[in-house]
Amino acid sequence: MANVDLDCAGLSCPVPIVRISRAMKEMSSGDTLTVTASDPSFQADVEAWVRKMGHQLESFSEADGTQTAVVRHA
Amino acid sequence: MSDELSHPTTAELEALVNAAVEKRVGAAFAELEKTVADLKSSVESVREACPDDRTTIVAFSGDMDRLFAALTIASGSAAMGMDVSMFFTFWGLSALKVRTTYSGKSVGQKMAAMMLPGGPASVPTSRMNMSGMGPVFFKMLMKQKNVQSLPEMMDMVQELGVRLVACEMSMGVMGISREELIPGIDYGGVATYLGDAARSKVTLFI
């Protein structure tokens, strides 16, 4: 049950999702990925991504323009 | 003597019962096997009729903005775990170009080679092109917003394993040879596109 951090701040669509997808491929069931991003479509995209891929969005928060999503590998 | 005939032994009775049971079970089993086979073939035909988790995009336009949209959807689809095919035809072939050659081309094809973009870095915008000023302006805006450039997007879709197919018919018309395009891509015609599109959940013409 490892956690991996992924910084996608400043990156635009579709790069954050592509990076998340790449990172999650290296991870195993139960691991979490903590992603920080500033892309305005990030919340909608990460939600759609986990739904499609069957993973879980553990939490999503936003502070000072930085969004943080914690995704758990199914 | 007649008693012996009307009273079979226990062993004989057991044999009779077993034979009857075996016959019934055998028939039921054969019925079941047939049902399973029927179900299997039904499932197989349903599976064949169901589209794959695939996105197929026809990249017809050679405009920066439209190619950008096509490549964004392609990379997004790959990131969503989908198989992706991009079929580049007519103006869209510009996105696949890595060099321009002139030898062996007709006069018309040489003119086309001269006038067409040399690759994804030099394509025009569909609007506000302003004789090539538009793309410079948009590239500047995209860089400011940290949006990837078209050549970077082309690299990314290749890394993601997107299938790139060049339309041989339009290559023939424009006199574009394989050595002018990204190495290692696929080549095909309308059936190649339709083969992928027919089993796709998402198909787009951009």
Side-chain angles (χ1 to χ4, degrees), chain A residues 3-58 60 62-74, chain B residues 50-57 59 64-86 95 120 125 135 137-164 200-204 206:
Chain A
N3 178 66
V4 176
D5 290 324
L6 181 68
D7 183 16
C8 290
L11 300 174
S12 285
C13 171
V15 185
I17 289 302
V18 171
R19 294 244 172 122
I20 292 172
S21 159
R22 269 190 204 141
M24 289 285 274
K25 272 190 192 142
E26 308 294 318
M27 295 164 60
S28 355
S29 183
D31 290 351
T32 50
L33 181 71
T34 304
V35 193
T36 45
S38 54
D39 184 49
S41 68
F42 181 65
Q43 183 174 8
D45 277 5
V46 77
E47 282 172 1
W49 187 84
V50 293
R51 205 179 309 129
K52 175 79 172 67
M53 303 302 287
H55 299 306
Q56 282 168 319
L57 186 61
E58 289 260 300
F60 187 91
E62 187 167 3
D64 307 321
T66 299
Q67 303 161 89
T68 307
V70 180
V71 182
R72 185 175 290 278
H73 199 300
Chain B
C50 276
D52 294 348
D53 205 10
R54 176 183 282 274
T55 297
T56 303
I57 301 168
M64 187 175 93
D65 39 359
R66 292 198 169 106
L67 280 169
F68 186 76
L71 291 164
T72 303
I73 296 166
S75 49
S77 299
M80 303 277 270
M82 301 170 82
D83 290 326
V84 191
S85 298
M86 293 186 83
T125 48
F137 176 64
F138 278 110
K139 277 179 206 167
M140 195 181 76
L141 287 182
M142 282 160 76
K143 197 159 194 144
Q144 278 174 7
K145 283 283 170 189
N146 207 12
V147 172
Q148 290 200 305
S149 68
L150 270 196
E152 285 169 342
M153 295 285 280
M154 284 303 297
D155 290 343
M156 187 166 75
V157 295
Q158 287 179 83
E159 275 168 38
L160 289 167
V162 170
R163 182 187 190 204
L164 304 177
S200 294
K201 284 181 180 162
V202 179
T203 63
L204 297 165
I206 301 175

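First the proteins, then the strands, lettered A, B, ... as listed; each starts at 1.
Proximity to chain A is limited to the side chain of B/M82, based on heavy atoms less than 4.5 angstrom apart. Interface residue B/L160: only side-chain heavy atoms are found under 4.5 Å from chain A. Using a 4.5 Å cut-off between heavy atoms, A/V18 contacts chain B through both its backbone and its side chain.
Summarising the local packing, NZ of B/K143 is surrounded by 12 or fewer heavy atoms from other residues, nucleotides or ligands at distances under 6.0 Å.
Contact between A/R22 and B/M156 at its shortest, heavy atoms only, is NH2-CG, 4.1 Å. Of all heavy-atom pairs spanning A/A48 and B/M80, the tightest one is O-CE, 4.0 Å. The two atoms that bring A/P14 and B/S75 nearest to each other are CG-OG, 3.2 Å, heavy atoms only. The minimum heavy-atom distance linking B/V147 with A/S12 is given by the pair CG2-OG, 3.5 Å. Closest heavy-atom contact between B/T72 and A/C13: CG2-SG, 4.2 Å.
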